[in-house]
A.B. asks: 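Right, I'll just put the structure down here and ask away after.
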Amino acid sequence: MPIYEYQCEKCCHCFERLVMGSDDEKTSCPKCGHGRVKRLLSSTCFIDSSGSSRCGSSSPKGFS
Ligand SMILES: [Zn+2]
């Protein structure tokens with residue numbers, strides 16, 4: 001089963017989620033609970049040595 005990376009559209013928190021079938025649609029942010037997240041390419045998120053994930057950019061592009 002694939003693990004996808006997502007980014008919350010509200011707080012920009014990045015997280016990984018194991019996706020089964022069409023579970024994709026029900027993914028929500030584990031940090032703030034916001035229901036709208038976007039799937040990322042793996043290269044857009046980094047897991048640092050402390051185990052927490054953060055985004056490569058603090059100012060998301062494509063939002064306006
Ligand atoms: Zn969030």
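Keep in mind that the numbers below use all heavy atoms, side chains included, and drop hydrogens, waters and symmetry copies.
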A.B. asks: Could you check if a side-chain atom of Arg36 sits within less than 4.5 angstrom of a side-chain atom of Cys8, using non-hydrogen atoms only?
C.D. replies: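 No, too far: nothing below the 4.5 Å cut-off.
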A.B. asks: Are Arg17 and Tyr4 in a cation-pi setup, meaning NZ or CZ lies under 6.0 angstrom from the ring centre and within 45 degrees of the ring axis?
C.D. replies: no
A.B. asks: For the atom pair CD (Glu16) and CG (Leu40), what is the distance rounded to the nearest 0.5 Å?
C.D. replies: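 Going from CD on Glu16 over to CG on Leu40, the span is 10.5 Å.
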A.B. asks: Between atom SG of Cys29 and atom CZ of Phe15, what is the distance when rounded to the nearest 0.5 Å?
C.D. replies: 5.5 Å
A.B. asks: Got Ser28 and Val37 here, is their nearest side-chain heavy-atom distance under 4.5 Å?
C.D. replies: no
A.B. asks: Rounded to the nearest 0.5 Å, how far does CD of Gln7 lie from SG of Cys14?
C.D. replies: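 Rounded to the nearest 0.5 Å, the SG-CD separation comes to 4.5 Å.
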A.B. asks: Below 4.5 Å, heavy atoms only, C-beta onward: do Lys38 and Glu9 meet side chain to side chain?
C.D. replies: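 Lys38 reaches Glu9 side chain to side chain.
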